[in-house]
Amino acid sequence: MSDTKITDPKKAIEFVVDLFKPVIEAGATYQQELQLKLQVLESTDLGKRQIDRLWSELVQQVNKVKETVQAQNGKYIEALGTKFYVSAENELFVVTKNAEGKNEHRIIANGIIHVDKVEVVEDPLTKDTFLVGSVLIRNQHYPFRMRNAEYSANQSFGEKLNEATRTAFKFYDGELSTLRLFSKEANAPVHAVISRNFGWDGDRYLTPKLIISRDRIEQNAEKVIAMPSTVIARFLGFEHEPDQQKYRLTLKNFIENFLALQDPSVTYFVLAHVFLSLVHSRFRDLPRPIIWLGGRTGDGKSFIAIMAQNLLGDFPESADKSRKVSWTSSPKYISEQGVYFKDVIFLIDDYKRSNISPAEIRQIVQMIANISDGTGRGTLTRSRESNEQAVIRGLVIATAEDNPPLDAAGFARITLVPFPARPRNVGAGKELRAIRKDLPTIPPQFIQWFLNQNIEEFDEFNQRLRDHLQNKIVGSQNDLRIATMAAQSGLGFHLLTKFLVESNVWSNEEAEKREADFKRILEVHVVQMSTLATEEQASNLFLRVLSSLITAGEARIHGLDVDTPSDPAGGDRGALDQFGGRYVGFIKIGNEHKDTVYIDPEVAFNSVDRFLRAAGAEVGFTKNTIGKQLLGDGHFSRTPPNGSTVMKQRWMKVEPYVWPLKPSSLGLTLTEPPKSKPLDLPNPPMEGGLI
């Protein structure tokens with residue numbers, strides 16, 4: 001431009017157009033063009049009114065030049081009833097007609113969004129759709145993946161694209177909505193269904209690599225099975241070994257060495273549970289059994305459970321905690337992990353009451369009931385909508401040093417398997433480690449074998465065994481439930497023995513002998529479980545829970561606490577709060593009271609009842625029945641008068657009705673107050689080391 005400023009509007013327009021043509025051909029951005037227009041107009045001697053009048057004509061002339069250039073270097077696209085233009089630099093314009101019917105181009109973004117795939121995710125926890133693609137800015141691709149809900153809302157859409165492109169993506173003139181809709185319409189994305197459901201799909205069993213049907217085991221080229229990167233179930237996966245000789249050798253070595261790890265009273269239960277888990281959902285109306293491996297720490301419980309789990313995928317027994325779930329995790333986390341272990345076993349490792357808070361123990365008790373019944377505990381969100389808790393969909397194997405604090409019905413839901421203390425079989429463990437990577441070749445063969453069997457025969461076997469076991473404990477508390485759970489272990493072992501016979505690993509004679517051995521183990525087992533359930537009568541459960549609440553500081557005995565006097569003078573009830581609140585009883589000074597803790601039946605019963613109900617259990621009897629059982633079982637230090645279960649005891653000018661309990665019945669001594677510690681619910685001892 002010369003130093004002489006242009007004063008003629010017509011010449012000014014011609015000058016601007018000539019100046020803009022090479023700029024447009026060079027691919028100037030919208031912002032650069034706008035800045036250049038302003039600079040050119042300021043370089044004239046035209047007045048403000050002349051500039052304002054000139055502006056619209058200038059824009060039309062520049063756009064006419066731009067359209068000519070763009071038609072040569074870019075492409076036009078019709079979408080949503082609107083004409084769009086994509087420049088050679090991948091800028092996106094909206095094309096509209098001006099008052100004279102000529103095209104005008106308005107830039108709305110400096111890049112193009114490509115939606116390559118629409119993923120519909122079939123997830124047991126959430127149903128969702130994801131859009132997968134990239135943003136092309138000039139010649140660079142920026143990949144993105146976002147939920148459909150995020151794509152459909154302008155704010156989240158813009159935030160996600162800025163995040164993906166590291167803020168390189170620019171939007172213009174508030175056109176996010178147009179940009180979003182155009183991007184979805186102008187692409188032809190592939191629609192894909194991604195399933196989180198490992199296991200049975202109709203009459204086939206689906207895994208990420210394989211589809212197992214009655215006729216064949218084939219590569220899965222049909223349905224994508226992919227777990228979220230945050231769940232342990234992503235390590236599940238079966239393999240196919242077409243070399244039958246190599247496969248049978250793996251199967252034989254696994255069975256021989258696994259059985260050598262421990263006593264049959266342990267290994268039979270675990271093997272039965274693993275193989276039953278693969279086909280359990282094919283049987284109608286069966287509750288889900290839980291194997292509870294209990295014993296001292298360091299005896300090898302976790303090793304046996306993890307070796308069994310390696311049939312199902314890549315689960316090494318190293319110190320890597322990322323491939324197993326511990327009871328120290330929150331119950332919510334455990335359930336949300338377990339929901340993905342469909343049609344397999346789900347291992348929960350290392351239950352110790354001392355490591356778990358009272359509140360989480362309550363949730364664990366509820367979770368055990370949910371697992372067995374196949375239900376979730378429903379809650380309401382803040383918006384009063386239903387919010388169903390995640391349900392563990394496989395069969396659980398738990399390793400533990402303690403029993404959970406269950407009532408009689410709760411113990412009937414689980415299969416307690418005591419873990420005998422004996423030297424480890426190092427040789428068998430070494431052999432199993434050597435073939436660990438080959439173990440996932442076994443389940444596909446078992447599942448295909450099962451599909452070719454008559455399931456009604458196995459149903460009948462299960463019913464006969466259940467009736468036989470129930471007859472061993474008939475009339476005892478929860479006899480049918482105990483027999484039902486035990487019979488399922490027998491069913492799983494029966495399936496395994498039949499499979500091993502047809503796989504030429506066991507002879508008929510050996511299979512029959514081992515089934516007979518396991519039947520005797522089950523007969524002993526149901527008697528033990530029945531005895532345990534009977535011992536969990538209401539009074540024992542009441543005392544155990546009340547003792548634990550007192551020890552944990554959730555219930556208090558007035559006078560036993562270091563900060564409250566025993567039987568204070570003056571008659572002021574003080575912190576007793578009219579003998580309610582957290583105080584469930586009191587002690588008194590004097591020789592005639594040294595062997596007694598006076599318990600208020602109403603307050604104590606309500607405290608225990610609240611705890612059990614929060615855990616999904618219940619006392620099951622009234623407080624009067626509890627009192628009679630306490631008296632009959634010798635837990636009272638003295639007998640109330642007139643055949644009653646309560647007596648009056650003066651306390652601070654009042655005489656409440658109380659139960660005169662022996663301190664030992666609550667695990668207390670009156671010499672010094674107990675120290676507060678995590679809630680610890682003791683259980684009756686069982687043979688084999690369970691405590």
Indicate every side-chain donor-acceptor pair of residues 242-249 with a distance under 3.5 Å to a residue at least two apart or in another chain.
from: Asp243; atom 1: OD1; to: Gln245; atom 2: N; distance (Å): 3.1
from: Asp243; atom 1: OD1; to: Lys246; atom 2: N; distance (Å): 3.3
from: Arg248; atom 1: NE; to: Ser503; atom 2: O; distance (Å): 3.3

*Got a sec: does the CZ of Arg422 have more than 12 other heavy atoms crowding it under 6.0 Å?*
yes

_Can you confirm whether the side chains of Thr399 and Asp349 place a donor and an acceptor under 3.5 Å from each other?_
yes

*Is a side-chain donor-acceptor pair under 3.5 Å present for Glu218 with His240?*
no

*Determine, for Glu122 against Lys223, whether the closest basic-nitrogen to carboxylate-oxygen distance falls under 4.0 angstrom.*
yes

*Would you kindly say whether His280 and Gln488 are connected by a side-chain donor-acceptor distance under 3.5 Å?*
yes

*Say whether, by atom type as modelled, one donor and one acceptor occur between the side chain of Arg234 and the main chain of Ser229 under 3.5 angstrom.*
yes

*Side-chain donor-acceptor pair under 3.5 Å between Tyr268 and Arg514, yes or no?*
yes

*asked:* I'd like to know whether Asp203 forms a salt bridge (charged side-chain N to carboxylate O under 4.0 Å, His left out) with Arg282, so could you lay out the CA-CA distance, the side-chain angles of the two residues, the decisive distance to 0.1 Å, and finally the verdict.
replied: CA-CA 9 Å; Asp203 292 330; Arg282 313 308 292 169; 3.2 Å; yes

_Once salt bridge (charged side-chain N to carboxylate O under 4.0 Å, His left out) is applied, what residue pairs with a partner in residues 437-457 remain, sequence neighbours excluded?_
Asp314-Lys437

_Lys252 and Glu256 ion-paired at < 4.0 Å_ = yes

*Stepwise side chain to side chain donor-acceptor pair (under 3.5 Å) check, Asn370 with Gln366*: CA-CA 6 Å; Asn370 291 344; Gln366 177 65 56; 3.0 Å; yes

*Worked verdict on Thr267 versus Asp263 for side-chain contact (heavy atoms from CB on, under 4.5 Å)*: CA-CA 6 Å; Thr267 55; Asp263 190 84; over 6 Å; no

_Quick one: does any side-chain atom of Arg145 pair with a main-chain N or O of Val132 as donor and acceptor, under 3.5 Å?_
no

_Asp517 and Arg520 ion-paired at < 4.0 Å_ = yes

*In chain order, what residues pass the side chain to side chain donor-acceptor pair (under 3.5 Å) check against Asn425, with sequence neighbours excluded?*
none

*Regarding Glu515 and Thr497, is there a side-chain donor-to-acceptor distance under 3.5 Å anywhere?*
yes

_Parallel, tilted or perpendicular: which one describes the rings of Phe499 and Phe275, with boundaries at 30° and 60°?_
tilted

*asked:* On the six-membered ring of Phe315, is Arg323 placed so that its NZ or CZ lies under 6.0 angstrom from the centre and within 45° of the ring axis?
replied: no

*Close side-chain approach of Leu261 and Val266, heavy atoms under 4.5 Å*: no

*Is there a donor-acceptor contact under 3.5 Å linking the side chains of Ser326 and Asp350?*
no

*Hey, would you say the Phe518 and His494 ring centroids sit under 6.0 Å apart?*
no

_Tyr351 and Asn403 side chains, donor-acceptor separation under 3.5 Å_ = no

*Going by heavy atoms in the side chains, are Leu276 and Ile345 under 4.5 Å from each other?*
no

*asked:* Between Arg296 and Asp299, does the salt bridge (charged side-chain N to carboxylate O under 4.0 Å, His left out) criterion hold? Intermediate values first, please.
replied: CA-CA 6 Å; Arg296 301 178 311 179; Asp299 281 344; 3.4 Å; yes

*Indicate whether the side chain of Ser213 and that of Asp215 have a donor and an acceptor atom separated by less than 3.5 Å.*
no

*May I ask you to decide if Leu206's main-chain N or O and Trp200's side chain share a donor-acceptor pair within less than 3.5 Å?*
no

*Arg413 side chain vs Ile368 backbone, donor-acceptor pair below 3.5 Å*: no

*Salt bridge check: are Lys498 and Glu502 linked by an N-O gap of less than 4.0 Å?*
no

*Does Thr531 use its side chain to pair, donor to acceptor, with the backbone of Val527 at less than 3.5 Å?*
yes

*Between Phe238 and Phe198, does the ring centre distance come in under 6.0 Å?*
yes

_Let me confirm one number: the CZ-OG distance from Arg393 to Ser277, rounded to the nearest 0.5 Å._
13.5 Å

_Arg147 bridged to Glu119 by N-O distance under 4.0 Å_ = no

